[in-house]
Asks: 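Sharing a structure, written as structure tokens. Questions coming.
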Amino acid sequence: MHFSDGILFFVGLMAGLVDSVIGGGGLLTLPSLFLLGNETLTSVASNKVAGVTAALVAFLVYFRKISFNFKFCLLFTAAVLCGSLLGSLTANYFIRDYFKILILIACPAILYFIWNKEKWIYHLTHDLSVKINQPLIVVCGLLVGFYDGSFGPGGGTAMFLVLVGLMKVPVMQALVISKAVNLISAAAALSGYWYQGLVDFRLVLPLAVGICLGAFCGANLALRNIEKILKPLLTAVVILLMSYLFLGF
């Protein structure tokens with residue numbers, strides 16, 4: 001095993017753990033792939049293997065514990081799928097030049113949500129004035145899917161917010177449904193990148209193995225207890241990755 005494989009396995013283990021509990025695993029996997037010397041678009045494309053793996057394992061664990069009705073989310077799911085496929089097919093035209101800018105914007109924004117998730121969820125679930133708007137849901141699905149397909153980190157978090165805030169899905173059901181939608185979105189994006197020959201499966205194999213183990217452990221742990229540990233840990237690692245990426249430390 002190469003040294004880089006060991007690093008990716010450890011990153012995958014941590015990413016799977018945090019993603020299945022609090023979300024944001026892509027904040028660890030994508031910068032790590034790039035910092036190990038991989039070309040920008042190859043990192044984004046290959047990271048979709050990690051996204052599929054994390055979402056699949058977490059969904060299978062939650063599926064056994066939480067009952068949900070997926071039928072009324074089909075329109076949103078279809079929009080996300082279309083947006084994700086479109087994002088993966090067009091990322092080559094802009095992702096190279098704006099990669100660092102996207103990370104600079106996405107990382108702090110997603111970390112802010114993770115630290116304030118309870119407040120967001122409380123306001124969304126108690127604001128009964130918001131009515132289900134089908135056209136708005138389609139637009140949100142397309143936008144979220146496009147972002148998830150073309151870039152990725154935080155895409156599952158955005159799906160969760162749409163389900164809770166716009167569609168009024170109960171929080172625990174939204175958790176498992178967002179994993180299913182995220183899985184479909186990541187698979188669509190992976191297909192688009194694979195069609196263009198941009199996915200390096202060998203590169204992300206140790207990452208995917210680590211994610212499987214991390215996501216399985218995380219999804220089976222008590223959520224509230226472990227969040228106290230994972231939030232500062234995720235924040236510290238993301239800040240470190242951003243420092244290496246932008247300051248050259």
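Bear in mind that the values here come from a model prediction, so they are computed numbers and not experimental data.
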Asks: Does the side-chain contact (heavy atoms from CB on, under 4.5 Å) test come out yes or no for Val80 and Ile184, once each step is laid out?
Replies: CA-CA 8 Å; Val80 169; Ile184 293 170; over 6 Å; no

Asks: For a side-chain contact (heavy atoms from CB on, under 4.5 Å) with Tyr193, tell me which candidate from Leu198, Leu89, Val49 qualifies.
Replies: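 Among the candidates, only Leu198 passes.
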
Asks: In this structure, which one of Val237, Leu234, Val238 forms a side-chain contact (heavy atoms from CB on, under 4.5 Å) with Val18?
Replies: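 Per the side-chain contact (heavy atoms from CB on, under 4.5 Å) rule, the option paired with Val18 is Leu234, out of Val237, Leu234, Val238.
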
Asks: Got a donor-acceptor contact below 3.5 angstrom from the Asp5 side chain to the Pro206 backbone?
Replies: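 Pair absent, no side-chain N/O of Asp5 close to backbone of Pro206.
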
Asks: If you apply the rule side-chain contact (heavy atoms from CB on, under 4.5 Å), what do you find for Ile211 with Val57, and how did you get there?
Replies: CA-CA 9 Å; Ile211 284 176; Val57 174; 5.9 Å; no

Asks: Kindly compute the distance separating OG1 (Thr40) from CG (Asn92), expressed to the nearest 0.5 Å.
Replies: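 One gets 11.0 Å once the value is rounded to the nearest 0.5 Å.
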
Asks: Supply the atom-to-atom distance Leu33 CG to Leu8 CG, rounded to the nearest 0.5 angstrom.
Replies: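 The distance works out to 5.5 Å.
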
Asks: side-chain contact (heavy atoms from CB on, under 4.5 Å) for Leu13 and Leu17? Distances and angles first, verdict last.
Replies: CA-CA 6 Å; Leu13 186 67; Leu17 183 65; over 6 Å; no

Asks: Give a yes or no on whether the backbone of Phe160 and the side-chain of Ser178 come within a donor-acceptor separation of less than 3.5 Å.
Replies: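 Not confirmed, Ser178 side chain does not pair with Phe160 backbone.
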
Asks: If you round to the nearest 0.5 Å, how far is CD1 of Ile177 from CZ of Phe59?
Replies: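 Spacing of CZ (Phe59) from CD1 (Ile177) equals 9.0 Å.
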
Asks: Treat each ILVMFWY residue as a node, draw an edge where side-chain heavy atoms are under 4.5 Å apart, and state whether Leu183 and Leu30 are in one component.
Replies: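 Yes, same cluster.
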
Asks: Output the distance between atom CE (Met159) and atom OG (Ser84), rounded to the nearest 0.5 Å.
Replies: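 Spacing of CE (Met159) from OG (Ser84) equals 7.0 Å.
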
Asks: Report yes if some heavy atom in the side chain of Leu41 is under 4.5 Å from a heavy atom in the side chain of Gln196; otherwise report no.
Replies: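 A side-chain contact is absent here, since even the closest heavy-atom pair is not under 4.5 Å.
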
Asks: Answer yes or no: is there a side-chain heavy-atom contact under 4.5 Å between Val44 and Phe34?
Replies: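 A side-chain contact under 4.5 Å is absent here.
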
Asks: Ignoring hydrogens and angles, tell me if any N or O in the side chain of Ser185 forms a donor-acceptor pair with the backbone of Val181 under 3.5 Å.
Replies: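 No, Ser185 side chain to Val181 backbone: no donor-acceptor pair under 3.5 Å.
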
Asks: Donor-acceptor pair, Tyr147 side chain versus Gly87 backbone, under 3.5 Å?
Replies: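 No, the answer is negative, given that no donor and acceptor are paired below the 3.5 Å cut-off.
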
Asks: Less than 4.5 Å apart, side chain to side chain, heavy atoms only: is that true for Val199 and Lys48?
Replies: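 Not in contact.
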
Asks: If you apply the rule side-chain contact (heavy atoms from CB on, under 4.5 Å), what do you find for Cys73 with Leu163, and how did you get there?
Replies: CA-CA 8 Å; Cys73 298; Leu163 289 167; 3.8 Å; yes

Asks: Please find the pair of heavy atoms, one from Ala174 and one from Val164, that lie closest to each other, and give the distance.
Replies: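 Looking at all heavy atoms of both residues, the closest pair is CB-CG2, 3.5 Å.
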
Asks: For residues Leu213 and Val209, determine if any side-chain heavy atom of one lies less than 4.5 Å from a side-chain heavy atom of the other.
Replies: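 The answer is no; the side chains never approach within 4.5 Å.
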
Asks: Surrounding CZ of Phe201 (heavy atoms of other residues, nucleotides or ligands, distance under 6.0 Å), is the total greater than 12?
Replies: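 For Phe201, atom CZ is crowded (more than 12 foreign heavy atoms under 6.0 Å).
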
Asks: Is the count of non-hydrogen atoms from other residues, nucleotides or ligands lying under 6.0 Å from Tyr195 atom OH greater than 12?
Replies: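 Open.
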
Asks: Minimum heavy-atom separation for Ile103 and Pro31, please, with both atom names.
Replies: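 What the structure gives for the nearest pair is CD1-CG, 4.2 Å.
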
Asks: Taking all non-hydrogen atoms of both residues, which atom of Lys179 and which atom of Asp19 are closest, and how far apart?
Replies: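 Closest approach of Lys179 to Asp19, heavy atoms only: NZ-O, 3.0 Å.
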
Asks: May I ask whether Val11 and Leu35 are part of the same hydrophobic cluster, defined by side-chain heavy atoms of I, L, V, M, F, W, Y residues being less than 4.5 angstrom apart, directly or through others?
Replies: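 Yes.
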
Asks: So, Ser88 side chain and Leu85 main chain: donor-acceptor pair closer than 3.5 Å or not?
Replies: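 Between the backbone of Leu85 and the side chain of Ser88 there is a qualifying donor-acceptor contact (under 3.5 Å).
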
Asks: Give the minimum heavy-atom separation between Pro108 and Ile105, together with the two atoms involved.
Replies: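 That closest heavy-atom pairing would be CD-O, 3.5 Å.
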
Asks: With rounding to the nearest 0.5 angstrom, report the OH to CG distance, Tyr62 to Leu175.
Replies: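 So the OH of Tyr62 and the CG of Leu175 are separated by 5.0 Å.
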
Asks: Answer with yes or no whether the hydrophobic clustering places Met172 together with Val176; edges join I, L, V, M, F, W, Y residues whose side-chain heavy atoms lie under 4.5 Å apart.
Replies: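 Yes, Met172 and Val176 fall within the same hydrophobic cluster.
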
Asks: Taking the side chain as everything from C-beta on, heavy atoms only, tell me whether Val204 gets closer than 4.5 Å to Asn47.
Replies: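 The answer is no; the side chains never approach within 4.5 Å.
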
Asks: Taking all non-hydrogen atoms of both residues, which atom of Leu166 and which atom of Cys140 are closest, and how far apart?
Replies: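 It is CD1-SG, 3.6 Å.
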
Asks: In the single-linkage hydrophobic clustering (I, L, V, M, F, W, Y; side-chain heavy atoms under 4.5 Å), do Leu27 and Ile239 co-cluster?
Replies: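 Different clusters: Leu27 never reaches Ile239 through Ile, Leu, Val, Met, Phe, Trp or Tyr contacts under 4.5 Å.
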
Asks: Without swapping roles, check the side chain of Ser46 against the backbone of Asp200 for a donor-acceptor pair under 3.5 Å.
Replies: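 Judged by distance alone, yes, a pair lies under 3.5 Å.
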
Asks: Let me confirm one number: the OH-OG1 distance from Tyr112 to Thr235, rounded to the nearest 0.5 Å.
Replies: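 Interatomic distance, Tyr112 OH to Thr235 OG1, rounded to 0.5 Å: 13.5 Å.
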
Asks: Do Phe70 and Leu60 land in one hydrophobic cluster if side-chain heavy atoms of ILVMFWY residues count as linked below 4.5 Å?
Replies: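 Yes, it is one cluster - the side chains of Phe70 and Leu60 are joined through contacts under 4.5 Å.
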
Asks: Considering all heavy atoms of both residues, which atom of Ala215 and which atom of Ala54 are nearest to each other, and what is their separation?
Replies: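 In this case the closest contact between Ala215 and Ala54 is CB-O, 4.1 Å.
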
Asks: Is the closest side-chain heavy-atom distance between Cys82 and Leu142 below 4.5 Å?
Replies: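 In contact.
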
